[in-house]
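One structure below.
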Amino acid sequence: MQLDNVAAYGGADSGMVVFLCTASGRVLSASPRAEELFPADGEQTLRERLESRLRLNTTPSLGSALIDGEETSLVGLMDNREITLGVTPLNDHQRMVVMIESLCPPTSLDSLTGLPDRSAMLERIREIQSDGEGGHRLMLIDIDRLKTVNDYLGYHVGDRVIRDLAVAMQAAVPDDVMASRWSGHEFMLLIPPRQAEHSSQIAERIRSAAASVRFNAGEKATQLGTVTVSIGHGALGPGETSRTQPRDQLSSLNAAVYEAKRTGRDRVVNADRLQQPSVYTTGGALDRAIHEGRIVAASQPIVDLKTGEVVADEALARMITPEGDVIPAGLFIEAASRLQMAHRIDFEIINQTITNCVASIDHRPMAHFVNISGDFLQHPELMEQVISNARAACECIGGSGQVEVKPLVLEMTEREVLEDTADAFSALKPLIDFGLRLALDDFGSGYSSYRYLLDMPFTFLKIEGALVQNMSESVRAQKIVQHIQAMAKDMGLITVAEFIGDTRTADMLREMGIDWGQGFHFGRPEIIRPLTNHNRAMVHDI
């Protein structure tokens with residue numbers, strides 16, 4: 001039977017890649033396009049003809065699919081583009097094999113490099129994560145200092161580096177590795193299971209390929225050295241086949257590249273061997289917690305050291321895992337700061353504090369301290385929303401919502417305040433004008449605290465916890481705390497000592513004249529009752 005007769009079986013035009021072969025794989029005839037792409041070299045089987053350019057990465061094998069005599073689809077890669085082989089039985093002895101490009105139409109190709117773009121790679125990644133087999137690996141390649149190249153030599157040089165690196169990289173990796181343009185300065189590789197154990201060698205070949213790329217931009221280029229790349233690689237697959245859950249696999253890969261850059265660039269890091277949870281993994285968990293309402297306030301009491309009465313509390317951020325575990329802020333706040341997510345946590349805790357303040361109007365009035373970050377000061381729209389929510393709360397309890405002092409106290413450290421205190425004051429002024437007070441936290445931990453006292457209208461001064469903890473053993477710590485109290489009294493500031501852990505320390509602070517105290521001696525942070533969805537809706541308008 002000749003290929004011309006295949007039309008009777010639902011065939012194809014000559015522009016398609018079509019083979020007619022026996023169940024054993026012997027090629028009987030092929031379309032012109034198939035002959036062009038996969039020319040015969042003697043008496044080759046279909047598998048032998050295809051494997052010169054095509055790598056199949058699914059089971060069953062092509063040989064098994066031909067023998068079985070059932071309609072089958074096999075997925076593979078050719079020239080970094082994903083294709084599907086459709087095997088159709090025509091009778092007991094003959095098979096029609098049609099090659100179809102499946103995932104990378106022209107609209108999914110990067111215009112600069114000709115590689116599949118991010119959307120094409122993401123679709124393949126999601127397929128593998130949802131129902132694929134284990135054993136794949138991903139590799140993220142970041143071009144070092146590309147921004148410097150663009151700024152110093154021009155974007156035309158940067159584009160040439162990207163294009164030349166794409167060519168060099170494709171020549172350096174096996175044919176069955178899918179390469180894509182992931183972002184402006186990054187490439188992503190999908191490594192099939194058969195190549196997974198060679199990931200480190202593939203990465204090193206890419207590093208060597210990058211070194212062969214030239215800037216070609218005159219004498220200026222020599223000052224930039226050679227083109228280098230930072231590479232991270234890690235497992236990809238469904239949760240049951242990988243140590244890292246699918247939702248965290250891309251984050252883990254980013255963490256590996258970050259580690260490669262942090263330790264000097266031009267190196268390879270295996271994401272599976274990173275010892276600590278990455279900032280990106282933590283950030284992903286934090287983002288989900290924010291969206292799912294699992295960032296909650298834990299209240300710690302603050303007492304008047306003279307009377308022992310609770311006069312205030314501090315709302316401390318906690319993250320609740322899907323399993324119900326409570327994660328303290330110390331384990332996620334650094335990730336939040338580095339990923340510029342701290343303002344979202346601040347906003348959550350402030351609004352919860354406002355709502356809980358309204359819910360406790362039958363109790364003795366107290367000050368409610370909440371932490372804010374420098375990141376929060378960069379978001380005036382959030383501050384406007386806080387004022388709107390606080391004004392609505394004041395109206396709920398019969399207040400005017402005007403300039404009278406409000407129970408909410410915004411607490412910040414000098415590390416978090418903007419470098420220019422004038423900018424910080426300008427950002428905070430709407431909140432101050434509304435009647436919110438300020439507290440300077442961790443006073444005594446840095447050298448510039450006095451400048452903040454000079455430029456900002458603080459009401460409270462919270463003394464660095466390490467000084468308080470060392471007071472019982474260190475005369476110097478005692479003298480420093482005594483000095484802080486004397487200065488604060490002269491300035492009319494209320495002092496709050498943190499980290500008080502025992503009666504002796506509390507007594508010493510009382511004798512020094514410290515106003516208020518906070519620490520495990522008086523009470524540990526306790527989760528405020530979870531807000532209902534109705535309550536959350538009342539305070540979250542953005």
Side-chain angles (χ1 to χ4, degrees), residues 1-105 116 120 123-137 174-178 190-198 236-238 241:
M1 179 177 178
Q2 296 300 308
L3 191 60
D4 291 344
N5 296 328
V6 171
Y9 298 86
D13 62 43
S14 61
M16 292 184 66
V17 178
V18 183
F19 292 94
L20 183 66
C21 63
T22 67
S24 64
R26 182 170 63 87
V27 177
L28 301 176
S29 61
S31 68
R33 182 60 173 161
E35 293 285 9
E36 177 187 342
L37 291 176
F38 302 97
D41 183 11
E43 292 295 324
Q44 291 179 304
T45 65
L46 178 60
R47 180 185 62 79
E48 290 170 336
R49 285 181 66 166
L50 293 179
E51 69 182 4
S52 62
R53 297 185 63 183
L54 172 66
R55 294 291 182 271
L56 295 172
N57 54 11
T58 60
T59 55
S61 66
L62 176 58
S64 298
L66 293 173
I67 293 171
D68 287 346
E70 295 184 2
E71 190 161 336
T72 308
S73 293
L74 304 176
V75 177
L77 286 171
M78 185 179 75
D79 301 333
N80 284 311
R81 301 184 70 174
E82 187 169 286
I83 58 88
T84 296
L85 278 185
V87 180
T88 302
L90 301 180
N91 53 46
D92 289 344
H93 305 291
Q94 295 181 330
R95 312 284 185 259
M96 181 175 69
V97 180
V98 181
M99 182 180 293
I100 304 170
E101 188 176 22
S102 58
L103 277 186
C104 299
E123 186 170 353
R124 184 73 182 110
I125 288 171
R126 287 165 182 158
E127 278 190 350
I128 293 171
Q129 288 180 326
S130 62
D131 54 14
E133 297 179 3
H136 293 79
R137 291 188 73 79
D175 291 339
D176 52 347
V177 172
M178 179 181 178
L190 175 60
I191 302 173
R194 68 166 61 88
Q195 299 287 356
E197 62 180 310
H198 305 304
L236 174 70
T241 66

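All values below come from the heavy atoms of this structure, side chains included, with hydrogens, waters and symmetry mates left out.
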Taking all atoms of both residues into account, what is the closest heavy-atom pair of [X] and [Y], and its distance?
X	Y	value
Val18	Ala34	O-CB, 3.7 Å
Gly69	Pro89	O-CG, 3.4 Å
His198	Arg194	CD2-O, 4.1 Å
Asn91	Gln94	OD1-N, 2.8 Å
Val17	Ser31	CA-OG, 3.8 Å
Ser73	Thr84	CB-CG2, 3.9 Å

Worksheet entry | Residues which pass side-chain hydrogen bond (donor to acceptor under 3.5 Å, both in side chains) with Glu197, listed by chain and number, not counting sequence neighbours | none
Discussion item. Under the rule for side-chain hydrogen bond (donor to acceptor under 3.5 Å, both in side chains), what residues qualify as partners of Arg26, not counting sequence neighbours?
Written reply: none
Got a sec, which residues hit salt bridge (Lys or Arg N to Asp or Glu O under 4.0 Å) with [X], two or more places apart in sequence or on another chain?
X	answer
Glu70	none
Arg47	Glu51
Glu48	none
Arg95	none

What distance separates [X] [atom1] from [Y] [atom2], expressed to the nearest 0.5 Å?
X	Y	atom1	atom2	answer
Ser61	Ile67	OG	CD1	7.5 Å
Leu28	His93	CG	NE2	12.0 Å
Leu46	Leu66	CG	CG	6.0 Å

Fill in: Salt-bridge present (Arg124, Glu127; N to O < 4.0 Å)
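Yes, charged N to carboxylate O under 4.0 Å.
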Item to complete: Let me see the working for Met99 and Leu85 under side-chain contact (heavy atoms from CB on, under 4.5 Å), right down to the final yes or no.
Response: CA-CA 5 Å; Met99 182 180 293; Leu85 278 185; 3.9 Å; yes
Item to complete: Could you tell me whether a side-chain N or O of Thr45 sits under 3.5 Å from a main-chain N or O of Gly25, the two making a donor and an acceptor?
Response: no
Could you tell me if the side chain of [Y] sits less than 4.5 Å from the side chain of [X], heavy atoms only?
X	Y	result
Ile128	Leu190	yes
Leu90	Leu20	yes
Pro238	Gln129	no
Glu35	Arg49	yes

Worksheet entry | Step-by-step side-chain contact (heavy atoms from CB on, under 4.5 Å) determination, Thr88 to Val98 | CA-CA 8 Å; Thr88 302; Val98 181; 6.0 Å; no
Practice prompt. Begin with the C-alpha distance, continue with both residues' side-chain angles, and end with the deciding distance and a verdict on side-chain contact (heavy atoms from CB on, under 4.5 Å) for Gln44 and Val27.
Written response: CA-CA 8 Å; Gln44 291 179 304; Val27 177; over 6 Å; no
